[in-house]
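Chain identifiers are assigned alphabetically (A, B, ...) following the order of the sequence lines, protein sequences preceding nucleic acid strands; residue numbering begins at 1 within each chain.
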Protein chains: 2
Amino acid sequence: MTRTQAKKLAEELVGRMTVEEKASQLRFDAPAIERLGIPAYNWWNEALHGLARGGTATSFPQAIGMAAMFDDALLRKIAEAISYEARAKYNALSAEGDRDIYHGLTVWSPNVNIFRDPRWGRGHETYGEDPYLTARLGTAFVRGLQGEGETLRTAACAKHYAVHSGPEALRHCFNAVASPKDMEETYLPAFRALVQDAGVEAVMGAYNRTNGEPCCANGELMSRLRGDWGFQGHFVSDCWAIRDFHENHKITASPVESVTKALKAGCDLNCGCTYQHIMRAFELGFVTEEDISRCAVRLFTTRYLLGLLGEGGSEYDTVPYDRIECEAHLALAHQAALRSCVLLKNDGLLPLDPESGETIGVIGPNANSRSALIGNYHGTASRYITVLEGIQDLTAGKCRVLYSEGCALSADRVEPLAQPGDRLAEAVAVAKNSDKVILVLGLDETLEGEEGDTGNNYFSGDKADLLLPPSQRLLLERVLQAGKPTVVVLMVGSAIDVDLAQRHANAILLSWYPGAGGGKAVAELLFGREAPSGKLPVTFYRNEALSEMPDFTDYSLCNRTYRYYQGKALYPFGFGLSYGRCVLRDLKTDGVCARVCVRNDSDRELEEVIQLYLHDERSPFAPPNPVLCGFHRLRLTPGEERIVTVDIDPNAFTVVDDAGRRVPGSGSWLLYAGFGAPDERSRELRGDDGLSVRIASP
Amino acid sequence: MTRTQAKKLAEELVGRMTVEEKASQLRFDAPAIERLGIPAYNWWNEALHGLARGGTATSFPQAIGMAAMFDDALLRKIAEAISYEARAKYNALSAEGDRDIYHGLTVWSPNVNIFRDPRWGRGHETYGEDPYLTARLGTAFVRGLQGEGETLRTAACAKHYAVHSGPEALRHCFNAVASPKDMEETYLPAFRALVQDAGVEAVMGAYNRTNGEPCCANGELMSRLRGDWGFQGHFVSDCWAIRDFHENHKITASPVESVTKALKAGCDLNCGCTYQHIMRAFELGFVTEEDISRCAVRLFTTRYLLGLLGEGGSEYDTVPYDRIECEAHLALAHQAALRSCVLLKNDGLLPLDPESGETIGVIGPNANSRSALIGNYHGTASRYITVLEGIQDLTAGKCRVLYSEGCALSADRVEPLAQPGDRLAEAVAVAKNSDKVILVLGLDETLEGEEGDTGNNYFSGDKADLLLPPSQRLLLERVLQAGKPTVVVLMVGSAIDVDLAQRHANAILLSWYPGAGGGKAVAELLFGREAPSGKLPVTFYRNEALSEMPDFTDYSLCNRTYRYYQGKALYPFGFGLSYGRCVLRDLKTDGVCARVCVRNDSDRELEEVIQLYLHDERSPFAPPNPVLCGFHRLRLTPGEERIVTVDIDPNAFTVVDDAGRRVPGSGSWLLYAGFGAPDERSRELRGDDGLSVRIASP
């Protein structure tokens with residue numbers, strides 16, 4: 001059904017409603033209107049990396065890990081799987097009369113905010129720090145969620161519009177100030193792409209103010225969205241964000257004023273309770289019936305596009321319950337986990353030999369943690385495979401595996417009555433009694449996540465710094481001192497400074513939060529069943545870098561993210577090692593795409609990601625460092641050679657001036673092709689395997 | 001080394017200490033005495049069903065489950081395994097300089113209190129409600145822990161002496177009143193057996209007062225222990241129990257008075273801090289140096305018997321670290337889990353066919369819970385196998401398994417923002433989409449356990465009634481309404497009234513808290529790899545029965561436990577079904593043992609437990625119901641017939657008069673042999689397969 005048809009039906013239906021009825025439909029928990037045959041509908045559902053909070057569902061790697069795949073084709077398939085599970089769940093549960101929260105077809109994903117500051121607790125919900133990567137991945141995710149059927153499979157939502165990346169603790173009262181240049185160059189491109197290229201059905205406004213106005217009623221942002229970009233879908237507030245107008249931002253004096261401001265600005269749906277005051281605002285003459293109708297029509301247009309109302313229903317009404325966690329979906333999750341892990345260091349210890357018959361010591365608070373598999377905004381899996389379980393299963397009957405928790409995730413002791421470090425001696429004993437040590441460290445959603453409030457009972461917040469908790473730093477030190485060959489597996493959702501491990505451990509594998517079954521993939525990578533191929537979608541800074549950056553509350557890009565960072569990263573954006581070497585030659589370009597020959601020089605099958613970066617050498621408005629403008633993941637058999645064509649982002653040849661205008665670049669460009677970014681640290685860590693070619697004005 | 005030799009060494013060593021030094025050694029966290037070469041030692045360790053709270057260790061079924069095995073031989077092997085793991089851990093960790101709590105060789109297990117009231121939160125730490133069963137199992141456990149070597153492998157501890165079984169909330173100020181008859185007949189036999197038959201090295205005093213005096217300074221209990229029974233080991237207070245003298249029992253006015261009372265009474269070791277006041281009591285002349293020396297000598301005697309001091313060391317000093325969770329120990333835990341599960345109902349649905357290719361719906365809050373595997377006082381396992389995981393593994397590639405959490409363990413919803421019962425629709429959908437349903441319900445240590453206080457941060461306490469939490473009752477109802485063939489797996493540590501399931505489910509398997517790997521055993525039983533053979537060590541009452549019993553605070557046995565209960569139990573003591581039938585014939589007895597012929601009438605291998613009960617028909621002092629006086633577990637191949645000889649408890653022919661004197665019985669006895677108790681309900685549930693024979697005065 002076309003939007004025009006859906007809108008027409010919505011207008012007819014809304015036309016038959018009383019103003020009270022219309023007003024009631026602008027809340028996330030919209031009640032039924034029996035007399036019109038409209039069932040209740042709860043708009044709130046989540047699907048960041050699998051259906052979340054609504055029961056059993058396939059669990060995919062956390063968004064930041066899926067970004068590390070640099071693979072929009074796989075990401076789209078994943079989003080398709082998620083949307084089919086949403087339909088399967090909706091079909092089965094609504095048949096049981098359950099139309100509650102987290103069971104609907106409007107999923108408030110993806111999160112396409114830019115991971116601007118490495119401390120941001122919700123950064124792992126995003127696709128990282130690069131606008132182009134975020135836009136491409138977000139577009140793929142939305143297309144997968146919404147499908148190309150007669151009806152929308154699910155309705156996706158681009159959040160949080162716009163300029164939202166912490167601090168979590170201030171989100172309800174904070175004003176993010178972004179320059180016109182940073183808005184156009186960094187904060188808005190992904191939202192524009194999701195609206196214009198992917199046709200995202202919904203946009204969610206952020207909690208904070210941006211340049212003075214609250215994002216759920218922000219004139220400039222709204223006029224870009226509905227004016228410049230022609231957004232036709234519905235706009236939803238973040239949860240209890242409209243209450244923040246009067247309670248925290250203090251830009252209105254009462255709920256009625258907040259309702260008025262949001263409604264007038266074009267916020268159609270309220271996650272929260274403030275829109276319960278709509279009728280009062282109407283009675284006072286603050287809002288007109290037309291204001292209310294406009295929102296209601298947009299919302300019912302979405303419901304018609306989903307086939308939730310009217311004759312036809314949806315072609316997805318027959319999706320059966322057993323699509324949830326079906327073999328195909330679990331296989332996708334496993335493949336995603338394999339592609340998302342990033343090998344940060346390897347002196348040759350990896351891959352380990354599962355046939356060695358050796359004793360493997362697996363140590364650390366995340367080794368057997370289910371929580372560290374799933375990040376935040378997660379569903380419930382029928383099977384969790386921790387890193388320890390993955391290793392046990394893969395080496396079963398061949399290696400003896402010893403285990404020690406080693407320390408608490410962040411507390412100074414495991415047992416309340418014991419002395420601090422009460423598992424350290426055990427950890428050292430395990431290391432000394434093992435031939436190889438796998439030390440599994442990191443965080444989970446209790447240490448990096450979303451600020452807690454009415455809309456979110458999963459309190460954690462931002463990181464204070466880029467270091468592991470003291471308990472884990474001490475464990476790392478003590479285990480390294482035992483002197484056994486040691487691999488560190490890092491389960492985190494953001495940049496962590498593991499300099500000690502970089503200097504003294506033999507290998508470091510970053511697994512992110514790899515999904516409920518992720519431990520199997522991690523084991524397969526450690527023992528060489530597959531070669532790592534993930535690349536960093538964020539810069540891994542050294543902790544000292546924080547002091548060189550603008551304050552956390554300062555949204556200037558100055559010295560932030562790989563495009564602007566002047567220091568030497570611990571691990572740069574785009575970086576990731578493998579178990580074998582691919583080489584590039586014969587880079588050519590016509591300015592529209594690049595053509596390069598790639599060969600697998602190793603004796604094993606490898607996946608690699610060809611990355612293109614463009615540097616405008618003369619424009620005063622160009623970022624100081626080369627900018628990602630294309631990427632392509634491919635798999636090569638041993639010795640295989642192939643010529644690959646990679647599209648170049650047309651925007652790469654433009655720059656954004658200080659007034660925020662996108663203008664042509666200088667015409668003097670250097671195009672780099674490699675398996676990482678063309679910076680010095682990448683070359684240092686990988687050895688130089690990149691190429692570059694000069695481009696004149698295309 | 002003999003106790004006499006050890007005591008001599010202890011006397012010499014203590015003789016060289018100053019009074020301050022002696023006093024310092026009476027605390028659970030005894031400091032080092034460098035000048036005498038005495039290392040620090042922390043006396044507090046736990047090993048109820050595997051080493052607890054001290055890191056990785058083999059996890060066995062909770063004590064109540066091990067009691068359900070009716071198998072003292074296997075229990076002894078388990079205790080041996082635990083003691084070797086304690087040595088392995090002690091050897092490795094003390095080598096790293098870690099001599100902290102939960103890492104020592106003095107384990108405060110077993111708990112041989114009588115599970116008097118089904119509401120008691122700590123009941124699952126015990127061997128159930130029968131004095132004879134408790135004594136036999138406790139004796140086996142102590143023998144296994146202590147070994148028969150030159151030195152003690154570990155020192156066991158009989159707790160909580162005596163008359164201690166809740167209410168948890170009152171334990172620090174409560175006075176348990178027990179009649180002389182109940183003391184001799186019910187509350188003391190197990191302690192006597194552990195002292196006299198097993199030579200237990202330590203006894204722990206309970207928190208409460210018994211018949212007016214606090215158990216850690218109870219004249220009558222102490223004189224029985226050291227006088228009548230000749231106990232030679234050391235006596236330790238429960239944790240912070242001596243502080244209760246002045247703070248809660250109010251029987252002393254100050255710490256110094258409490259120290260004096262405990263020390264004079266013969267409490268050698270203080271778990272807690274009150275003995276830090278010993279020197280003050282000494283300076284005031286309340287206690288003499290002899291009082292202090294006597295305790296110190298007893299404690300150092302234990303340390304010498306363990307080979308912790310002096311020349312020789314211990315033959316166990318070389319036990320290697322990899323004994324912890326070695327294959328043999330994990331196999332013991334698996335066997336224990338298989339033998340501990342009790343089949344409460346089966347209309348023929350069980351065993352399920354793993355080859356069926358059917359869809360199995362696994363539902364419930366305990367289905368994928370690690371916590372429900374391990375009860376309380378647990379260690380850390382390197383591998384948890386939940387019931388869901390066990391079923392998935394056993395049916396892998398043959399059956400599709402669907403899963404729903406179904407509900408929270410006790411909260412009314414899983415998601416804070418959802419409506420109550422937010423997983424019910426999913427549970428019903430899973431049931432409707434499955435051919436068979438396995439519904440996994442129950443409790444865990446957060447719902448039944450120990451009262452929280454300084455010594456215990458694992459707060460939970462007693463059950464309010466015998467019903468499942470409301471959320472689970474609702475789930476059970478809704479899933480049964482779906483009408484699919486349904487098995488209920490009950491993971492609890494005490495009597496629960498599952499009448500609804502008994503009436504409407506097809507089968508009920510009670511798994512207790514089966515140990516970290518217990519889900520594998522549960523799956524093997526459900527799918528017929530093994531036949532269930534566990535028997536109830538406690539009566540499963542109907543919830544209404546609570547109103548017919550004395551108050552929770554009333555320690556009278558009147559109408560409590562199978563020996564005295566006059567009502568009709570839901571499932572009686574000793575009850576448990578299997579997948580095939582064994583029959584008995586030709587029961588003969590000489591009054592010392594019984595001889596009976598047992599035949600496996602089924603076409604599958606079975607394990608059964610022959611149980612002997614004696615009823616004194618004429619003595620006015622005999623309990624109203626027949627009393628367990630012998631049991632024997634055996635395994636029979638299909639059709640196998642065997643003549644078995646089972647010892648009869650000599651005490652069975654005595655009775656205890658109201659003055660608490662054990663006197664000969666009436667001489668007119670009826671001996672029953674069967675696979676359960678000879679009560680009407682057992683016959684009703686099993687069909688009558690018991691025999692009886694009259695015995696005249698032996």
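A/Thr56 touches chain B through backbone and side chain together, each having a heavy atom under 4.5 Å away. Contacts of B/Asp100 with chain A are made by side-chain atoms alone, with heavy-atom separations under 4.5 Å and no backbone atom involved.
Ranked by heavy-atom pairs shorter than 4.5 Å toward chain A, the options B/Asp98, B/Asn42, B/Asp29, B/Leu93 are led by B/Leu93. Of the listed residues (A/Glu389, A/Glu325, A/Glu405, A/Glu327), the one with the most heavy-atom contacts under 4.5 Å to chain B is A/Glu389. Comparing B/Val401, B/Thr386, B/Thr380, B/Asp322 by heavy-atom pairs within less than 4.5 Å of chain A, the highest count is held by B/Asp322.
Listed by chain and number, the residues in a salt bridge (Lys or Arg N to Asp or Glu O under 4.0 Å) with B/Asp393 are A/Arg383 (sequence neighbours excluded). Here B/Asp317 pairs with B/Arg87 under the salt bridge (Lys or Arg N to Asp or Glu O under 4.0 Å) rule; sequence neighbours left out.
Annotation: the span from A/Leu402 atom CG to B/Cys326 atom SG amounts to 11.0 Å, rounded to 0.5 Å.
Inspection of non-hydrogen atoms places B/Ala418, B/Gln419, B/Asp422, B/Arg423, B/Ala425, B/Glu426, B/Val428, B/Ala429, B/Val430, B/Lys432, B/Asn433 of residues 418-437 of chain B under 4.5 Å from chain A. Scanning residues 358-373 of chain A against chain B with a 4.5 Å non-hydrogen threshold yields A/Asn368, A/Arg370, sorted by number.
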Start with the C-alpha distance between B/Glu415 and A/Ile101, add both sets of side-chain angles, then the distance that settles side-chain contact (heavy atoms from CB on, under 4.5 Å), and finish with yes or no.
CA-CA 9 Å; B/Glu415 288 296 325; A/Ile101 189 170; 5.7 Å; no

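Not a single donor-acceptor pair under 3.5 Å links the side chain of A/Ser382 to the backbone N or O of B/Tyr403.
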